Amino acid sequence: LVFTSGQLGIDPLSGELKKEFEEEVRQAFRNLEAILKGGDSDLKKVLKLTVFLTDLSLLPLLNQVCEEVFEKVYPARECVEVSALPFKARVELSAIAWSEA
């Protein structure tokens with residue numbers, strides 16, 4: 001299994017947090033995928049996704065991006081509203097995935 005730490009929507013090249021929420025989520029998924037690839041895994045092998053949101057009203061937008069990222073068999077997911085995240089991020093993602101290693 002591969003256990004990731006929380007990933008924010010910060011572009012690793014610029015160090016900037018994405019401004020639009022959907023882009024922040026997509027970047028968080030790209031960052032998550034980079035970590036998973038380091039563990040011989042990928043987003044298709046995610047068993048459980050943990051989502052931290054600073055505003056649960058953003059959940060429908062998050063769900064739209066999840067539909068782009070995941071196949072029809074979605075991983076188990078928990079979503080928690082939190083009062084704040086580092087760097088004023090609105091979303092943080094962590095995952096447990098299986099690995100070929």
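From a predicted model like this one, the values you see are computed outputs, not experimental measurements.
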- Verify the cluster assignment for Leu85 and Leu62: are they in a single hydrophobic cluster under the rule of side-chain heavy atoms below 4.5 Å apart? no

- Test log, rule salt bridge (Lys or Arg N to Asp or Glu O under 4.0 Å), inputs Glu100 and Lys45: CA-CA 10 Å; Glu100 297 290 332; Lys45 297 174 184 162; 3.4 Å; yes

- Counting only heavy atoms not in Glu68, do more than 12 fall under 6.0 Å of its CD? yes

- Item | Heavy-atom pair with the smallest gap, counting every atom of Leu47 and Pro75 | O-CB, 3.6 Å

- Query: Under 4.5 Å between side-chain heavy atoms, hopping through other hydrophobics if needed: is there a path connecting Leu58 to Leu49?
  - Reply: yes

- Query: Roughly how far, to the nearest 0.5 Å, is the CG atom of Leu61 from the CD atom of Glu24?
  - Reply: 11.5 Å

- Task: For side chain to side chain contact (heavy atoms under 4.5 Å, CB included), just list the numbers for Glu81 and Leu53, CA-CA rounded to whole Å, side-chain angles, deciding distance to a tenth of an Å, and then say yes or no.
- Result: CA-CA 5 Å; Glu81 184 175 42; Leu53 286 174; 5.5 Å; no

- Query: Heavy-atom distance under 4.5 Å between the side chains of Val82 and Thr54, does that happen here?
  - Reply: yes

- Task: Kindly determine whether Glu16 and Ile10 satisfy side chain to side chain contact (heavy atoms under 4.5 Å, CB included), including the steps that lead there.
- Result: CA-CA 5 Å; Glu16 298 290 321; Ile10 294 176; 6.0 Å; no

- In this structure, CH2 of Trp98 is separated from CG of Asp40 (nearest 0.5 Å) by 11.0 Å

- Note: Leu8 and Ala89 closest approach over all heavy atoms is CD2-CB, 3.8 Å

- Query: OH of Tyr74: more than 12 outside heavy atoms within 6.0 angstrom?
  - Reply: yes

- Give the intermediate values and the outcome of salt bridge (Lys or Arg N to Asp or Glu O under 4.0 Å) for residues Lys48 and Glu78. CA-CA 8 Å; Lys48 181 173 181 260; Glu78 59 190 357; 2.8 Å; yes

- Contact summary for Glu92 and Gly6, nearest pair of heavy atoms: OE2-CA, 3.2 Å

- At what distance, to the nearest 0.5 angstrom, does CG of Leu43 lie from CZ of Arg30? 11.0 Å

- Message: Evaluate Arg26 against Glu23 for salt bridge (Lys or Arg N to Asp or Glu O under 4.0 Å), listing each step before the verdict.
- Response: CA-CA 5 Å; Arg26 286 184 186 96; Glu23 283 306 309; 3.0 Å; yes

- Tell me, with the steps shown, if Lys37 and Asp42 meet salt bridge (Lys or Arg N to Asp or Glu O under 4.0 Å). CA-CA 5 Å; Lys37 284 185 179 181; Asp42 59 44; over 6 Å; no

- Candidate pair Asn31 and Gln27, rule side chain to side chain donor-acceptor pair (under 3.5 Å), full reasoning: CA-CA 6 Å; Asn31 296 344; Gln27 184 64 57; 2.8 Å; yes

- Nearest heavy-atom neighbours spanning Val2 and Ser99: CG2-CB, 3.7 Å

- Flag yes if Phe29 and Leu59 sit in one hydrophobic cluster, no otherwise; membership is Ile, Leu, Val, Met, Phe, Trp, Tyr, and two members link when side-chain heavy atoms are under 4.5 Å apart. yes

- Message: Check whether Ser94 reaches the backbone of Thr4 with its side chain - one donor and one acceptor, N or O, closer than 3.5 Å.
- Response: no

- Query: Which value, rounded to the nearest 0.5 Å, describes the distance between Phe52 atom CZ and Leu93 atom CG?
  - Reply: 9.5 Å

- Quick one: do Leu36 and Val51 end up in the same hydrophobic cluster if we chain Ile, Leu, Val, Met, Phe, Trp and Tyr together by side-chain heavy atoms under 4.5 Å apart? yes

- Item | Sidechain N-carboxylate O distance under 4.0 Å for Arg90, Asp55 | no

- Taking a hydrophobic cluster as the set of Ile, Leu, Val, Met, Phe, Trp and Tyr residues connected by side-chain heavy atoms closer than 4.5 Å, whether directly or through intermediates, do Val65 and Leu56 fall within one such cluster? yes

- Task: With the side chain counted from C-beta on, respond yes when Arg77 and Thr50 share a heavy-atom pair under 4.5 Å apart, and no when they do not.
- Result: no

